[in-house]
2 protein chains.
Amino acid sequence: MPRVVDHAARRSEIVLALWGVIHERGLDGVSFRAVAEAAGVSIGRIQHYFASKEELIREGCTQMVVAAQSRYAELSRSGGPEHQLWTLVSGPVPSTRPQRLGAAVWYAYLAKSVAEPALREIIGAAIEDAGARAIRLLTTVRSGADGEGTDAVGARHGAEARSRSEHEALALLALGDGLAQRVVVGAIDGPEALAALAEEFTRRGLTPGGILD
Amino acid sequence: MPRVVDHAARRSEIVLALWGVIHERGLDGVSFRAVAEAAGVSIGRIQHYFASKEELIREGCTQMVVAAQSRYAELSRSGGPEHQLWTLVSGPVPSTRPQRLGAAVWYAYLAKSVAEPALREIIGAAIEDAGARAIRLLTTVRSGADGEGTDAVGARHGAEARSRSEHEALALLALGDGLAQRVVVGAIDGPEALAALAEEFTRRGLTPGGILD
DNA sequence: CCTTTCGCAGTATGTTCATATCGCAATGGT
DNA sequence: ACCATTGCGATATGAACATACTGCGAAAGG
């Protein structure tokens, strides 16, 4: 058998170059030529690994979701539900340069997803996943904080609490996204956004995590 | 002099068609051909009114900002600062179909602004303007609510209050943006977003406005 | 050493696009 | 009635692009 290369690694290299192109030229502005140049390889190689431009862009989107989820998994590994919630909500807020790049690329995908069902599906699933996770974490935190019983009254109370948790989770996630957006646009910087988020956590009786790099 | 037409009106017609194209095909996908088709006019006409594709897209962005600001001005005309604040913060959240279109287009511009300084300037100014307005309104509301004096202690207290108002305004605006984003992506619908926003207003001791169409 | 098979660079092809240009039509002043 | 000026449809031009295709070099087993 002939020459063996790590297929997945090569694809990741190319996707990385793709993100660079998206960041500095927008999702339009992506072409095989541009990506090949950014990656420092030939156009032929890009074509060899991705059958079409669409597939390349789609793969870039799923890898972005995967990267975000692994990052969350790693950062939230050690820590209680409160810390995990902070990690989840503050995740979108970029505080380093590569994170800013990632966030900007993410917004490009988000905007495109309106017109592109394939992207909408990927992104919609990711958002739904984060939402469900946040609700679960918040419910745990809230029920753990109260000394709630498990009798009938407590159960009714629990249903109410679940609904409140849903609203609260939505508000927290939306706040994180909104702040992230402002960082990407340059209206505020990362630390400011994280400070605002931390303040909001505190105001809700939650413990914000530290500012991670 | 020859044939007289309303220049501005023609430009607006074309920009409207541009928005339609952006909405259903993304900012890439915009071409003179596509816009001409959407507007039901010839390519030549588009060229006659816009020297380049870039200029067309840029004009589309400024008109979007102008439209949002006029809408705010009109909706907030009758009402105190609290009502104006609600109008400002809930403005980005789309609750009708044309508003959803507008919001989607706005996100396309937002994403592109990362790579396009011309757009970044327009959008940055709009965001800054909204931010300043929100801070002003919130400061007014907060100082009006307390029965604060104007002595030295009151003044120091006022500086603190200003800083708190800044943080609070940021949080409210970011929340509005984050909720709007989720509506655009389809994770929640307009009423849900407005309800979440209203709940947040209430939680902060502010009066949310009604759900406007 | 030789052959087979994959990795991938380079080039060809047809399409789409932005933009420049031409020319006709409409119009209002003279 | 005529003409200068503007609106704008239509077409030409050349660049950029996605994609298909060709072929060579490099390995890995026989």
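In what follows, every heavy atom counts, from backbone to side chain, and hydrogens, waters and symmetry copies are set aside. Reminder, nothing fancy here: chain letters follow the sequence lines and each chain counts from 1.
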- Query: Can you check the B:Ile57 CD1 to C:dA18 C1' distance for me, whole Å?
  - Reply: 12 Å
- Item | Rounded distance in Å - CZ (B:Arg45) to C1' (D:dT6) | 14 Å
- Mind running a 4.0 Å heavy-atom check of residues 14-24 of chain A against DNA chain D and sending the residues that fall below it, in number order? none
- Task: With sequence neighbours excluded, tell me which residues meet side-chain contact (heavy atoms from CB on, under 4.5 Å) with B:Val35.
- Result: B:Ile14, B:Ala17, B:Leu18, B:Val21, B:Val30, B:Ile46, B:Leu56
- Item | Check: B:Tyr109 side chain, B:Ile57 main-chain N or O, donor-acceptor pair, under 3.5 Å | yes
- Please name all residues satisfying side chain to side chain donor-acceptor pair (under 3.5 Å) with B:Arg133, sequence neighbours left out, ordered by chain then number. B:Asp129
- Task: State which residues pass side-chain contact (heavy atoms from CB on, under 4.5 Å) with A:Glu121; sequence neighbours excluded, sorted by chain then number.
- Result: none
- Query: Is there a side-chain polar atom (N or O) of A:Arg10 under 4.0 Å from OP1 or OP2 of C:dG7?
  - Reply: no
- Query: Taking only residues two or more places apart in sequence, or in another chain, which ones meet B:His167 in a side-chain contact (heavy atoms from CB on, under 4.5 Å)?
  - Reply: A:Glu199, B:Ser163
- Message: B:Leu194 and side chain to side chain contact (heavy atoms under 4.5 Å, CB included): which single residue from B:Pro208, B:Pro94, B:Ser95 fits?
- Response: B:Ser95
- Item | Spacing of A:Phe50 atom CZ relative to C:dC8 atom P, expressed in whole Å | 12 Å
- Length of the line joining A:His48:NE2 and C:dC8:P, which is rounded to integer Å: 6 Å
- Message: Test your reading of the model: is there a side-chain donor-acceptor pair from A:Arg182 to the backbone of A:Ala187, 3.5 Å cut-off?
- Response: no
- Item | Rounded distance (Å) that lies between atom P of C:dT16 and atom CD of B:Glu37 | 12 Å
- Item | Worked check of salt bridge (charged side-chain N to carboxylate O under 4.0 Å, His left out) between A:Arg71 and A:Glu74 | CA-CA 5 Å; A:Arg71 181 167 175 273; A:Glu74 192 176 336; over 6 Å; no
- Item | Phosphate OP1/OP2 of D:dG7: any B:Tyr49 side-chain N/O under 4.0 Å | no
- Item | Protein proximity profile, nucleotides 13-19 of chain D - base contact B, sugar-phosphate-only contact S, no contact -, cut-off 4.0 Å on heavy atoms | ---SBSB
